[in-house]
Participant: 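Quick one: the structure is below, and I'll ask about it shortly.
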Amino acid sequence: MRVSGTDLTVVVRGRSLLSDVVLEAPSGSTVGLLGPNGSGKSTLLRTLAGFRRPERGRVCLDGVDRESLPRRAVARSVAVVTQQTPAELDLTVRDVLLLARIPHRPRLAPVTRDDVAGTERALADAGLPGYGGRAWSSLSGGERQRVDLARALLQDPDVLLLDEPTNHLDIRHQLELLENLATAPVTVVVALHGLDLAAQYCDRIVLLSDGRVVAAGTPADVLTPERIAAVFGVTATVTIDPDGRPDVRIRRGG
Ligand SMILES: Nc1ncnc2c1ncn2[C@@H]1O[C@H](COP(=O)(O)OP(=O)(O)OP(=O)(O)O)[C@@H](O)[C@H]1O
């Protein structure tokens, strides 16, 4: 499913959090949102997710304005993982995972054995077998983040919108998660902080600064030393690997 944002403008109390943002995520692609703290990555994801209505502009799924699509259809096809899943939920891990199947069940239909078996498979795939009965609040930050992604995948979506899904993960789990996203047949829009990882795993990058798109294109087009210096205020060395992807190294003291 193709995701397009056109001229997205979000204003809060007279301040523009996004200004005329354009985003194009072709079907099956992985698009990385990069930018310094406060540049608008979460606001853009929340706008694409429909949590925030833009003052101007629109979000389309396969060319159709999402506002004109039935809510339940959107809930089935678009899965969202924000940074703000509360830690104190009085639910088991299984309960949290079962939430993903709600849009797929007829209204008020009970949970089926298949639904429960699906949660066990999702946990095994996430490297957390047997965690179904654990209290959600007892999980570590990284475990919670892995269950959050498992929940999003269990929804069987066409589109995944993810806000910094790697920030609690150790390096191996970061690579595993990004590999899964890059190879999954879903359209992914993901906010990331690691320029090196975004360069390796994303098909396209949208670089934001102060609520505006500074550059958009392939990682090699976007992640030049000059742009990294201008937007992040650090010095980077960028070499292009044989596969055409930039290898970004941030220099100490830069
Ligand atoms: N509800 C709100 N009311 C007022 N300002 C807001 C609101 N939500 C976000 N902002 C502001 O909008 C700007 C963009 O925030 P956003 O969370 O989108 O940035 P971000 O790029 O995701 O940042 P980070 O890398 O720190 O997560 C920030 O200056 C933030 O303070």
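FYI, side chains are in, hydrogens and waters are out, and symmetry mates aren't considered; it's all heavy atoms of this structure. All of these numbers come straight from a predicted model, not from anything done at the bench. Atoms within each ligand, like the ligands themselves, are counted from 1 in listed order. We count residues from 1, following the sequence as given.
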Participant: Leu207 versus Phe232: any side-chain heavy-atom pair under 4.5 Å?
Facilitator: yes
Participant: I need the atoms of ligand 1 closer than 4.0 Å to a non-hydrogen atom of Lys41, numbered in the order shown.
Facilitator: 18 (O), 19 (O), 20 (P), 21 (O), 22 (O), 23 (O), 24 (P), 25 (O)
Participant: Which atoms of ligand 1 are found less than 4.0 Å from any heavy atom of Ser42?
Facilitator: 17 (O), 18 (O), 20 (P), 22 (O)
Participant: Which atoms from ligand 1 have a heavy atom of His193 less than 4.0 Å away?
Facilitator: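 Close to His193: 25 (O).
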Participant: Once side-chain hydrogen bond (donor to acceptor under 3.5 Å, both in side chains) is applied, do any residues pair with Ser138, and if so which ones, sequence neighbours excluded?
Facilitator: Arg134
Participant: What distance do Leu128 atom CG and Arg144 atom CZ have between them, rounded to the nearest 0.5 Å?
Facilitator: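 Between atom CG of Leu128 and atom CZ of Arg144 there are 12.5 Å.
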Participant: What protein heavy atom lies closest to atom 27 (O) of ligand 1? Include the residue and the distance to one decimal.
Facilitator: Glu164 OE2, 3.4 Å
Participant: Closer than 4.0 angstrom, basic N to acidic O: yes or no for Arg58 and Asp65?
Facilitator: yes
Participant: When you look for heavy atoms under 4.0 Å from ligand 1, do you find them on the side chain of Arg46, its backbone, both, or neither?
Facilitator: neither
Participant: Please name all residues satisfying side-chain contact (heavy atoms from CB on, under 4.5 Å) with Leu91, sequence neighbours left out, ordered by chain then number.
Facilitator: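 For Leu91 the side-chain contact (heavy atoms from CB on, under 4.5 Å) partners, ignoring immediate neighbours, are Leu89, Asp95, Val96.
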Participant: Nearest to atom 12 (O) of ligand 1, what protein heavy atom do you find, and at what distance?
Facilitator: Leu17 CD2, 3.3 Å
Participant: Side chain, backbone, both or neither: which part of Pro36 has a heavy atom under 4.0 Å from ligand 1?
Facilitator: backbone
Participant: Side chains of Val213 and Leu208, heavy atoms from C-beta outward: is any pair under 4.5 Å?
Facilitator: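 Side chain of Val213 against side chain of Leu208, heavy atoms only: contact under 4.5 Å found.
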Participant: Does the side chain of Asp163 come under 3.5 Å of the side chain of Thr82 through a donor N or O and an acceptor N or O?
Facilitator: no
Participant: Just to confirm my output: which protein heavy-atom neighbour is closest to atom 26 (O) of ligand 1, and how far is it?
Facilitator: Asn37 ND2, 3.0 Å
Participant: Identify the closest protein heavy atom to atom 1 (N) of ligand 1: which residue and atom is it, and at what distance?
Facilitator: Arg52 NH2, 3.3 Å
Participant: Check each atom of ligand 1 against the heavy atoms of Val12 and keep those under 4.0 Å away; list them by number with element.
Facilitator: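 Selected atoms, number and element: 3 (N), 4 (C).
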Participant: Among all protein heavy atoms in this structure, tell me which lies nearest to atom 31 (O) of ligand 1, with the distance rounded to 0.1 Å.
Facilitator: Arg15 NH1, 4.2 Å
Participant: If we only consider heavy atoms of Ser39, is any one of them less than 4.0 Å away from an atom in ligand 1?
Facilitator: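 Yes, that is the case, since the closest heavy atom of the residue is under 4.0 Å from the ligand.
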Participant: Considering only the protein, which heavy-atom contact is closest to atom 23 (O) of ligand 1, and what is its distance?
Facilitator: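 Its nearest protein heavy-atom neighbour is Gly38 N, 2.8 Å.
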Participant: For atom 16 (P) of ligand 1, what's the nearest protein heavy atom and its distance?
Facilitator: Thr43 OG1, 3.6 Å
Participant: Number the atoms of ligand 1 from 1 as they appear, then name those within less than 4.0 Å of a heavy atom of Gly40, with their elements.
Facilitator: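 Reading through ligand 1 atom by atom, the close ones are 14 (C), 18 (O), 19 (O), 20 (P), 21 (O).
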Participant: Quick one, Leu45 and Phe51 - any side-chain contact, counting heavy atoms below 4.5 Å?
Facilitator: no
Participant: Do Glu164 and Lys41 meet the salt-bridge criterion of a basic N to acidic O distance under 4.0 Å?
Facilitator: no
Participant: Assess whether a salt bridge exists between Glu24 and Arg204, defined as any Lys/Arg side-chain N lying under 4.0 Å from an Asp/Glu carboxylate O.
Facilitator: no
